[in-house]
Structure formats: C-alpha cells, structure tokens
Amino acid sequence: MVPRAKLVAANWKMNGSQPDNSRWLQAFRAAPPRCEAVVCPPFVYLQQVAAGLAGTAAGVGGQDVSDRALGAWTGEVAAEMLLDCGAAWVILGHSERRASFGHSDAIVAAKVERAVAAGLRPILCIGETLHQREQGLTMAVVAAQIDAVLQRVPAARLAGGAIAYEPVWAIGTGRTATPAEAQEVHAAIRGRIAAHDAPAAAATRLLYGGSVKPANAAELFSQPDIDGGLIGGASLVAADFLAICAAAAH
Ligand code: PGA
C-alpha cells in the first residue's frame, strides 16, 4: 500500500485581520513546512491567504460552503466562489457549525455533495460529544455521520479530501484525546469506510483534531491511522502551526 502522506490543516475559525494574516503568512513563507499543509481562513480572507501562500506548496480552504447552486441565496457562499478565490479545500460539518448553526447530518451530506461536484476537496469533520462518549455511543455517532455522507457521495470521491475526527469534548478545551483513544476511533472510521469501499478507505487521510499543539502532535501523528491534524487554536500562531507541521514531516 502506498503510505498516506501526512496532511495538516489550519482552521482559523472566526479569527484574523489583514495585518495579522499578513504577519502570519510572512512567517509561514520564511519556513514553509515539508508536510502537506492547508490554511482555512474566514471567507473574506481567502484571496489574501491564497496570494500570501503563492509559491509555497500549501493549499487554501474555506470553512464551510453553501449546499445551494449559484443564485438568489442571500448570505451564502458557493463552491464555485471558493475555487474562484483560490481555495481547493473546504472544511465541512465542523462541530461548531453542527451545534450552533443547525447543520444536521443531512445538510452536511448535501454540502459535501455540492463541494465535490464543484471540484473542492472536503475535510469532513465528525465526532462525538462528551455525553455521547460517556454513554458509549462514540462509534455509533461517527458511523452515522459517515454513513449520511456516503449515502450521497461515493467513498472514492471523498478520498481526495480528508475526514477529521474531532471529539467535541477535545475542541478548544485543552483536553486532547490520548493517542490510543484517537487511534481506536480512527481505525473504526477506516473500517466503516472500508465496508463501502476498501481501496478508498486505505487512501483516505484521517486527521485528528481537538487541542493539537506542538507538544502532543508527534505522538498523535505516529499512530497508524492518524494521517495528520486539523488545528484550531494552535494554528493562529504561525510558529506553533509550523512546529505541528514539522511533527508530521517525520
Ligand atoms: P482546537 O480546534 O485545535 O482549538 O481544539 C480544532 C478544531 O476545531 O478544528
């Protein structure tokens, strides 16, 4: 099997300003990482980030995309627009959007379908809440989140993107899943995809997200089914993001 190249994605969430982004991009360009990297700023900064990363191997991604076709949908941003602004990737189904903006499994599936149809590479986020974990529902929750998407999009079409396992209780809390806990769920996710399409499962990068930082990245990334990370808070500091990328480049 061809080893899966590690992928590290920065999820800036609703952070940034033109001057701050500019400083971040300058630091990134001064020491570009050796692993594959993607930077996902708010929509309004996509072009600035795309221009700032030009000449590096890093990609650019959005943090969401509309499930609608171009037209009269006030406030929405279409997949074609992301591509037009230099994005090749898009984060979909992030738990903050699922929990606070009503993105159900069905809506997330529709967004993934729309994104891949337009040629974007999705980073599909899945993960259980603390309550669900305590109830022993982790595997059932992530399986349902995956199945909802695979009902609409063949696994082979997801393989060009990535799936990010982000336990909700680990996001922004400083509480990381242990490498063993994360590996266990990653292996189950790969198994679930393999039930649909084994070669696609072997090729799909599974990222871990949730309080990844320079100090814990290497151990997480050394797990057999952890193919990189989706980095929130630590991605806002260029040096920390680059240190996490360096942990993936080993
Ligand atoms: P965090 O966020 O690294 O700040 O925990 C990860 C994410 O939400 O993608």
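Every number for a ligand or one of its atoms is a count from 1 in the order of the listing.
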Considering only heavy atoms of [X], which atoms of ligand 1 have at least one such atom less than 4.0 Å away?
X      : answer
Gly232 : 1 (P), 2 (O), 3 (O), 4 (O), 6 (C)
Gly210 : 5 (O)
Gly172 : 1 (P), 4 (O), 5 (O)
Leu230 : 6 (C), 9 (O)
His94  : 7 (C), 8 (O), 9 (O)

Please confirm whether Gly209 comes within less than 3.5 Å of ligand 1 when only nitrogen or oxygen atoms on both sides are compared.
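In fact, backbone or side chain, Gly209 has no N or O that close.
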Are any of the N/O atoms in Glu96 less than 3.5 Å from those in ligand 1?
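No, since none of the N or O atoms of Glu96 sits under 3.5 Å from an N or O of ligand 1.
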Part of Ile171 within contact of ligand 1 (heavy atoms, under 4.0 Å):
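It is both backbone and side chain that touch ligand 1.
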Does ligand 1 have a heavy atom under 4.0 Å from the side chain of Ala170, from its backbone, from both, or from neither?
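It is the backbone that touches ligand 1; the side chain stays farther off.
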Identity and separation of the nearest protein heavy atom to [atom]:
atom                   : answer
atom 9 (O) of ligand 1 : Glu166 OE2, 2.7 Å
atom 2 (O) of ligand 1 : Lys13 NZ, 3.2 Å
atom 4 (O) of ligand 1 : Gly233 N, 2.8 Å

Glu76 CD: over 12 foreign heavy atoms closer than 6.0 Å:
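For Glu76, atom CD is crowded (more than 12 foreign heavy atoms under 6.0 Å).
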Report, as yes or no, whether the 6.0 Å neighbourhood of atom CD on Glu113 holds more than 12 heavy atoms from other residues, nucleotides or ligands.
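Enclosed: over 12 neighbouring heavy atoms sit under 6.0 Å from CD of Glu113.
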Report the C-alpha distance between Asp105 and Gln145 in whole Å, list the side-chain angles of each, state the deciding distance to 0.1 Å, and finish with yes or no for side-chain hydrogen bond (donor to acceptor under 3.5 Å, both in side chains).
CA-CA 6 Å; Asp105 283 350; Gln145 290 170 332; 4.6 Å; no
If you compare all heavy atoms of Val141 against all heavy atoms of Gly127, which two are closest, and at what distance to 0.1 Å?
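Closest heavy-atom pair between Val141 and Gly127: CG1-O, 4.0 Å.
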Could you tell me if the side chain of Leu158 sits less than 4.5 Å from the side chain of His196, heavy atoms only?
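A side-chain contact under 4.5 Å is absent here.
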Does some side-chain heavy atom of Ile171 sit less than 4.5 Å from a side-chain heavy atom of Lys13?
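Side chain of Lys13 against side chain of Ile171, heavy atoms only: contact under 4.5 Å found.
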Remaining members of the apolar cluster that contains Leu207, side-chain heavy atoms under 4.5 Å:
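Via sub-4.5 Å side-chain contacts, Leu207 links to Leu7, Val38, Trp89, Ile91, Ile123, Leu230.
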Which residue pairs pass the ring-ring contact (aromatic ring centres under 6.0 Å, His included) test when at least one of the two sits in residues 3-57, sequence neighbours left out?
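Matches after skipping sequence neighbours: Trp12-Trp24, Trp24-Phe28, Trp24-Phe241.
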